[in-house]
Amino acid sequence: PTSAKPGDVVTITGTNFNTTTTNNIVFFGATKANVTAATTTSLTVTVPTGATYDYITALNTSIALMGSSTSKFIPIYSPAKTGIGAGDFTA
């Protein structure tokens with residue numbers, strides 16, 4: 001995927017993924033995603049809150065093989081904010 005909202009479920013296609021979901025680690029920029037399903041050619045993941053404009057990377061921990069997307073992922077935040085207010089910050 002080139003873009004999605006946090007919480008959206010997306011499918012990443014490729015090769016050499018591990019069929020055990022916990023043996024695959026996926027990052028959207030600097031933020032780790034939750035892998036919910038895996039085959040050797042696809043991963044189903046939930047876009048994490050905090051996903052950043054960067055490459056999607058996937059690591060198969062059982063064979064130490066890592067790959068990344070060819071273009072940067074664009075997180076979509078909805079609704080669009082036009083300003084920052086006091087309620088946007090915690091103490």
Side-chain angles (χ1 to χ4, degrees):
T2 56
S3 64
K5 297 185 309 295
D8 284 353
V9 175
V10 298
T11 301
I12 299 170
T13 57
T15 57
N16 296 312
F17 297 127
N18 194 293
T19 56
T20 304
T21 58
T22 55
N23 288 343
N24 298 288
I25 299 173
V26 176
F27 280 87
F28 284 72
T31 308
K32 186 177 178 182
N34 183 31
V35 179
T36 57
T39 69
T40 57
T41 58
S42 72
L43 297 174
T44 303
V45 299
T46 303
V47 177
T49 300
T52 58
Y53 174 71
D54 207 342
Y55 297 99
I56 298 171
T57 56
L59 170 66
N60 178 336
T61 60
S62 67
I63 59 173
L65 183 64
M66 187 174 93
S68 64
S69 58
T70 56
S71 56
K72 291 186 176 184
F73 175 79
I74 302 168
I76 300 170
Y77 295 99
S78 178
K81 290 188 64 82
T82 58
I84 297 175
D88 294 319
F89 299 94
T90 58

Minimal non-hydrogen separation, [X] against [Y], with atom names:
X: T52; Y: G29; answer: OG1-CA, 3.2 Å
X: A33; Y: P48; answer: CB-CD, 3.8 Å
X: L59; Y: M66; answer: CD1-CB, 4.0 Å
X: Y55; Y: S68; answer: CB-CB, 4.4 Å
X: T21; Y: A38; answer: CG2-N, 3.8 Å

To the nearest 0.5 Å, what is the distance between [atom1] ([X]) and [atom2] ([Y])?
X: L43; Y: T19; atom1: CG; atom2: OG1; answer: 10.5 Å
X: N24; Y: T61; atom1: CG; atom2: OG1; answer: 7.0 Å
X: I56; Y: I12; atom1: CD1; atom2: CD1; answer: 5.0 Å
X: N34; Y: T22; atom1: CG; atom2: OG1; answer: 11.0 Å

Whether the side chain of [X] engages the backbone of [Y] through a donor-acceptor N/O pair (distance < 3.5 Å, no angle test) should be reported.
X: T31; Y: G50; result: yes
X: T36; Y: T44; result: yes
X: T39; Y: T41; result: yes
X: N60; Y: L65; result: no

Checklist entry - Are K32 and I25 close enough that some pair of their side-chain heavy atoms sits under 4.5 Å apart? => result yes

Checklist entry - Between S62 and N23, does any side-chain donor sit less than 3.5 Å from a side-chain acceptor? => result no

Checklist entry - Picking from F27, Y53, F28, what satisfies ring pair (Phe, Tyr, Trp, His ring centres under 6.0 Å) with F73? => result F28

